[in-house]
Protein chains: 2
Amino acid sequence: MARYLAEPDAVGIKFVEVMRALADPVRLRMLLVLADGEYHPCWPEEFLVGVHKSTLSHHFRVLREAGITRTRLEGRNYFVQLRREDLDARFPGLLDAVLGGARELDVTDAPDAADV
Amino acid sequence: MARYLAEPDAVGIKFVEVMRALADPVRLRMLLVLADGEYHPCWPEEFLVGVHKSTLSHHFRVLREAGITRTRLEGRNYFVQLRREDLDARFPGLLDAVLGGARELDVTDAPDAADV
DNA sequence: CAGATCGTTTGACAGTCGTCATACTAGAGC
DNA sequence: GCTCTAGTATGACGACTGTCAAACGATCTG
């Protein structure tokens, strides 16, 4: 029953696309959440604050089409996971480095935390 | 005599800006060239093929303002170098990972190399 | 000093991106 | 079978980006 949404195969992952997918604050935060748990029950209300559902869906699609995530559809539930192995195989060290950088973003993008 | 063009200090380097600056095929190729030699005599005619001078200048500015490169101006000569130390200190492993990924791009972005 | 050169800056333009609102689709539960 | 629900798809809109062209500024050379 579990269907998988369309995604590029490992060798089809293009570096520039990965970089572009990762060059967005919202998607970086999504990446952080995805990195925490393996699979993630999708779209909890507080997955991201202040982002419209359709916008979120759009970002998930960008991540998936870039080859960064895999989306499994079971019945009405969507599960998204990072494609760690594929990513690490194609671009060693990239994912970890990006996750590290994204973590600092979590701090700096709070509006009030700026220029204190 | 050597002036330096404006650039963010090490702590002012924002991760998202770095990612955005690196999410462009032209700039990734520039990064590769910059990674080769420390300093690089600027704008050799064949630095990049098929890119206008002003476009190149624009890309160098993006890289510089993101904190990725440092530009020194000596007389009429511009020298650009990677800010390896600052980058490695702020985002360990990122630069190397990106350089690795950019290297594959060198192969795949040749128009004729695609889908053969 | 005048001319040439090299890179920058500015302006314009087309294409892309992120966002939201709305409509749509497919599974779940009664 | 009908309704409810969760996420997707589409359309629209403003903002940003990459590109080129042309003008500008500063420096070296005669």
Under 4.0 angstrom between A:Arg27 side-chain N/O and C:dG18 OP1 or OP2: yes
Euclidean distance, atom CG of residue A:Asp24 to atom P of D:dC16 [Å, nearest integer]: 14 Å
Side chain proximity check, A:Glu74 to A:Arg72, heavy atoms < 4.5 angstrom: yes
5' precedence on DNA chain C between B:Leu5 and A:Val62 (nearest-nucleotide basis): B:Leu5
Straight-line distance of A:Leu73 CG to A:Tyr78 OH, nearest 0.5 Å: 4.5 Å
Phosphate OP1/OP2 of D:dC20 contacted by B:Thr55 side-chain N/O (<4.0 Å): yes
Rounded distance (Å) that lies between atom P of D:dT17 and atom CD of B:Glu17: 8 Å
A:Leu32 versus A:Leu99, closest heavy-atom pair with distance: CD2-O, 3.9 Å
Spacing between A:Glu74 atom CD and C:dG27 atom C1', to the nearest angstrom: 13 Å
Phosphate contact (C:dG27 OP1 or OP2) by A:Arg3 side-chain N/O below 4.0 Å: yes
For atom OH of A:Tyr78 and atom C1' of D:dT8, their distance in whole Å: 6 Å
Value in whole Å for how far the C1' atom of D:dT17 lies from CE of B:Met19: 17 Å
Nearest-Å distance for atom pair CG/C1', residues A:Leu63 and D:dG7: 16 Å
A:Asp24 bridged to B:Arg20 by N-O distance under 4.0 Å: no
Side-chain donor/acceptor contact of A:Ser57 with base of D:dA9 under 3.5 Å: no
Atom-pair distance (CG on A:Leu56; P on D:dA9), nearest Å: 14 Å
Given B:Glu65, B:His58, B:His59, the one that forms side chain to side chain donor-acceptor pair (under 3.5 Å) with B:Arg61: B:Glu65
5' priority, DNA chain C, between B:Arg61 and A:Arg20 [closest heavy atom]: B:Arg61
5' priority, DNA chain D, between B:His52 and B:Arg76 [closest heavy atom]: B:His52
Protein-nucleotide distance (A:His58, atom NE2; C:dA23, atom P), rounded to Å: 21 Å
Sugar-phosphate only, base, or nothing, as touched by B:His59 at under 4.0 Å among non-hydrogen atoms: sugar-phosphate
